[in-house]
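Have a look at the structure below, then the notes.
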Amino acid sequence: MGRRLPKSCKRHKLRRGGLSVVVIVLTACPPGLRGHLTRWLLEISAGVFVGKVTGRVRDELWAAVLEHCKSGKAFLVEPAQNEQGYAFRTHRHEWEPVDLDGLSLILRPNTAPAGSGMKRGWSKAAQYRRARK
């Protein structure tokens, strides 16, 4: 049996659902929103925010993103009680999370414009390689 941790211990608070790591990615959002997020999270690259916050703060930050992100895109990665250990939230994003047998995957739409000459399927080089085998 494991040793009991005192209630004042940091590890005890983390085990009881305290702080969790959150990642927010913004694209084409107003600078004011980025400034608001830097109060709580660290901007490690342009539009990429990482930090440890409580669930309530995370939900409030996401609500602020939805309110202020006018025509921009937003993506949130948060911890979850599933096999992967994380879940996604998106706003105005072409790539959308889908559930496939309990796993969250990102569905990326076919973005080739009509008439661009790009065909679906294997390239000629891949076809030649497969034919050699």
Side-chain angles (χ1 to χ4, degrees):
M1 227 153 87
R3 199 175 84 203
R4 293 192 80 188
L5 297 172
K7 290 192 177 188
S8 62
C9 180
K10 276 187 177 181
R11 284 180 30 205
H12 183 269
K13 290 178 185 175
L14 292 177
R15 283 189 181 174
R16 293 192 146 272
L19 302 175
S20 58
V21 175
V22 173
V23 178
I24 297 178
V25 180
L26 301 178
T27 306
C29 289
L33 176 59
R34 291 174 61 181
H36 178 71
L37 289 179
T38 56
R39 295 177 192 168
W40 296 94
L41 305 172
L42 179 65
E43 188 171 14
I44 60 171
S45 184
V48 180
F49 299 87
V50 177
K52 275 181 139 180
V53 294
T54 62
R56 179 179 286 176
V57 172
R58 176 192 65 225
D59 293 338
E60 290 293 325
L61 288 174
W62 185 245
V65 167
L66 296 179
E67 181 181 338
H68 298 296
C69 189
K70 296 171 181 147
S71 62
K73 302 175 188 177
F75 201 85
L76 170 81
V77 182
E78 62 185 337
Q81 294 292 326
N82 59 18
E83 287 289 321
Q84 291 171 302
Y86 55 86
F88 309 107
R89 294 188 205 179
T90 61
H91 174 67
R92 293 183 185 256
H93 215 283
E94 297 90 29
W95 296 11
E96 61 180 90
V98 293
D99 184 70
L100 184 68
D101 293 332
L103 292 177
S104 294
L105 302 174
I106 298 295
L107 176 64
R108 182 177 171 188
N110 185 11
T111 57
S116 66
M118 293 182 70
K119 299 177 189 173
R120 296 185 101 184
W122 297 98
S123 67
K124 287 191 177 186
Q127 291 174 359
Y128 292 141
R129 250 184 273 128
R130 293 182 103 197
R132 279 193 225 157
K133 290 183 181 179

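Keep in mind it's a predicted model, so treat the numbers as computed, not measured.
Hydrophobic clustering, with ILVMFWY side chains joined whenever heavy atoms are under 4.5 angstrom apart, keeps Leu76 apart from Val48. Cluster membership check: Leu42 does not share its hydrophobic cluster with Val53, using side-chain heavy-atom separations under 4.5 Å among Ile, Leu, Val, Met, Phe, Trp and Tyr. In this structure, Val22 is a member of the same hydrophobic cluster as Val57, with clusters built from ILVMFWY side-chain heavy atoms closer than 4.5 Å. Grouping the Ile, Leu, Val, Met, Phe, Trp and Tyr side chains by contacts below 4.5 angstrom, directly or via other members, places Val21 apart from Phe49. Cluster annotation: Leu33 is connected to Trp40 through the hydrophobic network of ILVMFWY side chains, with a link wherever side-chain heavy atoms come within less than 4.5 Å.
Within the structure, side chain to side chain donor-acceptor pair (under 3.5 Å) contacts touching residues 61-77 (residues at least two apart or in different chains) are Lys73-Glu94.
Applying the side chain to side chain donor-acceptor pair (under 3.5 Å) criterion to Arg56, with sequence neighbours excluded, gives no partner residue. Applying the side chain to side chain donor-acceptor pair (under 3.5 Å) test to Asp59 and every residue at least two apart in sequence or in another chain returns Arg89. With sequence neighbours left out, His36 forms a side chain to side chain donor-acceptor pair (under 3.5 Å) with Arg39. Residues passing the ring-ring contact (aromatic ring centres under 6.0 Å, His included) test with Phe88, sequence neighbours excluded: Phe75, Tyr86. Not counting sequence neighbours, the partners of Glu43 by the side chain to side chain donor-acceptor pair (under 3.5 Å) test are Arg34.
Using a 4.5 Å cut-off on side-chain heavy atoms (C-beta onward), Leu37 and Leu26 make contact.
No more than 12 heavy atoms of other residues, nucleotides or ligands lie within 6.0 Å of CD in Glu83, so this atom counts as exposed by the packing criterion.
To the nearest 0.5 angstrom, Leu19 atom CG is 11.0 Å from Arg58 atom CZ.
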Test side chain to side chain contact (heavy atoms under 4.5 Å, CB included) on Arg92 and Cys69 and set out the steps. CA-CA 9 Å; Arg92 293 183 185 256; Cys69 189; 5.9 Å; no
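Taking each heavy atom of Pro97 and Thr90 in turn, the nearest pair found is CD-CG2, 3.7 Å. In terms of heavy-atom proximity, Ala74 sits nearest to Val65 at CB-CG1, 3.5 Å.
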